[in-house]
Amino acid sequence: MIDPEPVKVEVGLGDRAYDILIGPGLLSSTGREIASRLPGTRAAIVTDDNVAAAHLDTLKAGLDKGGIQTAVITLPAGEKTKSFAHLEEVVDGVLAARLERRDVVVALGGGVIGDLAGFAAGIVRRGMNFVQVPTSLLAQVDSSVGGKTGINSARGKNLVGVFNQPKLVLADTGVLDTLPIREFRAGYAELAKYGLIDRPAFFAWLEENWQKVFAGGPERTEAIAEACRAKADVVARDEFETGDRALLNLGHTFGHALEAATNYDGARLVHGEGVAIGMALAHRFSSRLNLASPDDAERVEAHLRAVGLPWRMADIPGDLPDAEALLGFITQDKKVSRGALTFILTRGIGQAFIAKDVPPSEVLSFLKASHPG
């Protein structure tokens, strides 16, 4: 069976514009796609143990068909890999392979690998070419697009990094068949996010078609493409997050605080799950502030429950720090500006907006009411 032609979405950034290609079987054509854009290049593949076992051979064969020589840097899987120590490991691996500035760093993995490899590509030799080959749903619809890269600090998530746009994103939808269901669900939270920001018709479509998205086929490709179109539109307007791009953080301020509160322990909470709970909290908080109807919050919670995602803090295994400590994580988040709390709140499904100067006392009161303790 011949794979269908991939769907192409362009991220319009002038002379730095790039394509997102979406569809099954793209790993095998990675070499052709890279060579057509970056002729004569060599590549460092950055991946993790789990992804390497499933997909590294296919990618290497695809690069070989395109005449691209490769070096491989394999890291442990998990959020804790986004660290200074592993950043140094990637940079040293690229230098040890004697790759030059015109060569390319290829990120084969989920959001952790994409963020880390993109950061390394942005700083080694003062900037190398970079290609994203995302292998998780979360990375395909969100973190691989838009150029945000970085690592975590003990003081918070993604606090160290650079904006570094890739030259190409290849989202092979077929590789998602190997994802554990928990990881697929976690990525689905980011899919739903785009509907909740400003595409209410897309959210309604997901409510009707989510089972087909999970099953694969054209609905999965179309859902990923729609999410990429949504993100590409925002990135083209606001590449460095000085305005509208902050809307993409719907659910993330609460979610990042919960991730930090669980010490980035993936057994308890992975990023997409934190976003799911964060989106439910953002809608519930908006209702509490009389900005939106409680019916909207209930609709969001019902959909998250239907697909099997956590939607409240009580769904996180183990004990959480108290509400004051959670507020402390929120105030450390990079989305805080000069001490003022900024949240993405909503006036209804698909009506998200940037709320600045949210009173910390209101947030603390809400956290206390929402805390399972």
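Between Arg284 and Glu301, at least one side-chain nitrogen of the basic residue sits less than 4.0 Å from a carboxylate oxygen of the acidic one, meeting the salt-bridge criterion.
Among residues two or more places apart in sequence or in another chain, the salt bridge (Lys or Arg N to Asp or Glu O under 4.0 Å) test is passed with Glu88 by none. Annotation: salt bridge (Lys or Arg N to Asp or Glu O under 4.0 Å) contacts of Arg305 (sequence neighbours excluded): none. Remark: Phe203 engages His303 in a ring pair (Phe, Tyr, Trp, His ring centres under 6.0 Å) (not counting sequence neighbours). Applying the salt bridge (Lys or Arg N to Asp or Glu O under 4.0 Å) criterion to Asp265, with sequence neighbours excluded, gives no partner residue. In this view, Lys368 and Glu324 satisfy the salt bridge (Lys or Arg N to Asp or Glu O under 4.0 Å) rule, not counting sequence neighbours.
To the nearest 0.5 Å, atom CD of residue Glu241 and atom CG of residue Asn249 are 4.5 Å apart.
Counting only residues at least two apart or in different chains, side chain to side chain donor-acceptor pair (under 3.5 Å) contacts with residues 201-216 comprise Glu207-Arg299. Residue pairs meeting the salt bridge (Lys or Arg N to Asp or Glu O under 4.0 Å) criterion with at least one member in residues 51-67, sequence neighbours excluded, do not occur. Each side chain to side chain donor-acceptor pair (under 3.5 Å) pair with one or both residues in residues 214-229, not counting sequence neighbours, appears once here: Asp177-Arg220, Arg199-Glu226, Glu222-Arg229, Glu226-Arg229. Counting only residues at least two apart or on different chains, the side chain to side chain donor-acceptor pair (under 3.5 Å) pairs with a member in residues 115-135 are Lys82-Asp115. Pairs engaging residues 285-294 under the side chain to side chain donor-acceptor pair (under 3.5 Å) rule: Arg288-Ser365 [sequence neighbours left out].
In the model, His252 has no side-chain atom that pairs as donor or acceptor with a side-chain atom of Glu259 under 3.5 Å.
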Taking it one step at a time, do Leu367 and Phe254 satisfy side chain to side chain contact (heavy atoms under 4.5 Å, CB included)?
CA-CA 10 Å; Leu367 288 171; Phe254 286 120; 4.0 Å; yes

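Scanning all heavy atoms of the two residues, the minimum distance from Arg182 to Leu269 falls at NH2-N, 3.7 Å. Taking both residues in full, the closest heavy atoms of Ala257 and Ile330 are given as CB-CG1, 3.6 Å, listed atom of the first, atom of the second, then distance.
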Could you give the side-chain donor-acceptor pairs of residues 33-56 under 3.5 Å, partners two or more places apart or in another chain?
unit_1: Glu33; atom_1: OE1; unit_2: Arg37; atom_2: NH1; d: 2.8
unit_1: Ser36; atom_1: OG; unit_2: Arg32; atom_2: O; d: 3.4
unit_1: Ser36; atom_1: OG; unit_2: Glu33; atom_2: O; d: 2.9
unit_1: Arg37; atom_1: NH1; unit_2: Glu33; atom_2: O; d: 2.9
unit_1: Arg37; atom_1: NH2; unit_2: Asp19; atom_2: OD2; d: 3.1
unit_1: Thr41; atom_1: OG1; unit_2: Arg102; atom_2: O; d: 3.4
unit_1: Arg42; atom_1: NH2; unit_2: Arg98; atom_2: O; d: 2.7
unit_1: Arg42; atom_1: NH2; unit_2: Asp103; atom_2: OD2; d: 3.2
unit_1: Thr47; atom_1: OG1; unit_2: Leu108; atom_2: O; d: 2.9
unit_1: Asp48; atom_1: OD1; unit_2: Asn50; atom_2: N; d: 3.0
unit_1: Asp48; atom_1: OD1; unit_2: Val51; atom_2: N; d: 2.8
unit_1: His55; atom_1: NE2; unit_2: Thr178; atom_2: OG1; d: 3.2

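Hydrophobic cluster membership differs between Leu95 and Val106, with clusters built from Ile, Leu, Val, Met, Phe, Trp and Tyr side chains linked at under 4.5 angstrom.
Here Phe163 sits in one hydrophobic cluster together with Phe240; the rule is ILVMFWY side chains under 4.5 Å apart, joined directly or through other members.
Remark: the backbone N or O of Gly147 is not paired with any side-chain donor or acceptor of Asn164 at under 3.5 angstrom.
Around CD of Gln69, the count of heavy atoms belonging to other residues, nucleotides or ligands within 6.0 Å does not exceed 12.
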